[in-house]
Amino acid sequence: MSSNNHFQKVKFEKLSQNRKERRRDYSCGDKFIQLKKIPSWPAFYKENSYSVSTAAHPQSLVDKFKDECRYQVDAEINEKVSVFYGDITKLEIDAIVNAANNSLLGGGGVDGAIHRAAGPFLLNECQTLNGCDTGDAKITGGYDLPARYVIHTVGPIGEKPSMLEQCYRRSMQVALENNIKTIAFPCISTGVYGYPNEKAVQLVLPVVRTMLEAHKDKFERVIFCLFLDIDKKLYNRYLPIIYPLN
Ligand code: ADP
C-alpha cells in the first residue's frame, strides 16, 4: 500500500471503533458536542422565542414569501430539524457537510476548518476522488473529527438556485446511501462563493423539508449549522414559515 492510500487502513480502523475509542483522537479534545445537547426546532423555539421573533430584515420580503409558501404543521418533521450556532467541526454526529470546491483538495472557510480538524488523511482520501462537479456530493471518512463522515459538496459561485438545490439534495441522497441518520449543513455558497444569504435560506429550508418528507423514517436529525449573525437572524425568521409549529 503506498503512503498515498494509507488513509484506507486508518479509515477502516476509525469506522470500526466505538464512540468511546474515537473520542480519544478527536482534534477538538473534549470540546465535542453531542446530538443530545442540540435541541430540535420546537424545543429551540421554546427556549429562544424572543430572538426568533425579533429577527430584523425587510418584512415585505418575508410576507411575500409567506404568502407563496403555505406549509402544514408536521410535528414529526419539526423534531427532525435543528439550528446550531457555532463550529461544525465540533459536532459528534454521523456526517457533516463540507462546502468544498471542485478540486476537493481543501480551501478556506469551512473547508479549511474541516481539513484542519480532520487531519491529513482527509486530504489523502480526497486526492483519490478526482474532484467533484458543482452540485454533486462525495463522501469520505471523518478521521479526527467527531463526525464519522464528511460529505463534500460543491456549491455554485453566485446565485444559481438549481445548483444550490442540487447540493442539498445530493448530500442527503449520499447520506441515505450510507445509512447516515444525523447530518449537519453549513450555509453552502453563502461565504466566499457569494450566494445571497436570504435567497439561500428561502431555497434551502423548503428543499430539506421535501427531502425529509420523502424519507421521514431514514433521517433522525438535519442540523443547520450557522456561523454568522446574519444567518442566525434569517433562519430564525424563515424556520417558523417552512416548519410551522402550530
Ligand atoms: P462557500 O465557498 O461555499 O461560500 P465558505 O466556507 O466561504 O463556503 O462559507 C460557507 C459558510 O460557512 C459561511 O456562512 C461561513 O461563515 C461558514 N463557516 C465558516 N467556517 C465555519 C465553521 N467552522 N463551521 C460552520 N460554518 C462555518
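Counting starts at 1 for both ligands and their atoms, in listed order. Every value quoted in this text rests on a predicted model; they were computed, and no experiment measured them.
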Would you call Lys31-Asp87 a salt bridge at under 4.0 Å N-O?
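No, no charged N to carboxylate O under 4.0 Å.
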Looking at [atom], what's its closest protein heavy atom, distance included?
atom: atom 3 (O) of ligand 1; value: Ser189 N, 2.8 Å
atom: atom 8 (O) of ligand 1; value: Ala99 CB, 3.8 Å
atom: atom 13 (C) of ligand 1; value: Thr190 OG1, 4.1 Å
atom: atom 10 (C) of ligand 1; value: Cys187 O, 3.3 Å
atom: atom 24 (N) of ligand 1; value: Ile88 N, 3.0 Å
atom: atom 22 (C) of ligand 1; value: Phe227 CE1, 3.5 Å
atom: atom 7 (O) of ligand 1; value: Val192 N, 2.9 Å
atom: atom 4 (O) of ligand 1; value: Gly191 N, 2.8 Å

Can you check whether Asp87 has an N/O within less than 3.5 Å of an N/O in ligand 1?
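N/O-N/O distance below 3.5 Å exists for this pair.
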Quick check: Val110 and ligand 1, any N/O pair under 3.5 Å apart?
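For ligand 1, there is an N or O atom that lies under 3.5 Å from one belonging to Val110.
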For the side-chain contact (heavy atoms from CB on, under 4.5 Å) test, which of Leu123, Leu122, Asn98 pairs with Thr140?
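One option only clears the test, and that one is Leu122.
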Which ligand 1 atoms, with their elements, are less than 4.0 angstrom from a heavy-atom of [X]?
X: Ala113; answer: 23 (N)
X: Cys225; answer: 25 (C)
X: Gly109; answer: 6 (O)
X: Asp231; answer: 14 (O)

Stepwise, does the side chain to side chain donor-acceptor pair (under 3.5 Å) test hold for Thr182 with Glu220?
CA-CA 6 Å; Thr182 54; Glu220 186 183 338; 5.6 Å; no
For ligand 1, note which part of [X] has a heavy atom under 4.0 Å away: side chain, backbone, both or neither.
X: Tyr193; answer: both
X: Leu228; answer: side chain
X: Asn101; answer: neither

Measuring from non-hydrogen atoms of Gly155 to any atom of ligand 1, is the shortest distance under 4.0 Å?
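Under 4.0 Å: no for Gly155.
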Can a non-hydrogen atom of Gly86 be found less than 4.0 Å from any atom of ligand 1?
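True for this residue.
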From the options Asp133, Thr134, Asp136, select the one residue that forms a side chain to side chain donor-acceptor pair (under 3.5 Å) with Asn102.
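Option passing the side chain to side chain donor-acceptor pair (under 3.5 Å) with Asn102: Thr134.
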Nearest 0.5 Å, what's the [atom1]-[atom2] distance between [X] and [Y]?
X: Tyr26; Y: Tyr143; atom1: OH; atom2: OH; value: 15.5 Å
X: Leu35; Y: Ile93; atom1: CG; atom2: CD1; value: 7.5 Å
X: Leu234; Y: Leu226; atom1: CG; atom2: CG; value: 9.5 Å

Does Arg19, at its CZ atom, have more than 12 non-hydrogen atoms belonging to other residues, nucleotides or ligands within less than 6.0 Å?
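No, not enclosed.
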Is Lys216 atom NZ crowded by more than 12 heavy atoms from other residues, nucleotides or ligands, each under 6.0 Å away?
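Enclosed: over 12 neighbouring heavy atoms sit under 6.0 Å from NZ of Lys216.
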Taking the six-membered ring for Trp, are His6 and Phe121 parallel (under 30°), tilted (30 to 60°) or perpendicular (over 60°)?
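His6 vs Phe121 ring planes: tilted.
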For Arg22 and Glu92, run salt bridge (Lys or Arg N to Asp or Glu O under 4.0 Å): C-alpha distance rounded to whole Å, both residues' side-chain angles, the deciding distance at 0.1 Å, then the answer.
CA-CA 10 Å; Arg22 295 190 73 249; Glu92 190 183 57; over 6 Å; no
Please determine whether residues Leu91 and Phe32 belong to a single hydrophobic cluster, defined as Ile, Leu, Val, Met, Phe, Trp and Tyr linked transitively by side-chain heavy-atom distances below 4.5 Å.
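Hydrophobic grouping puts Leu91 apart from Phe32.
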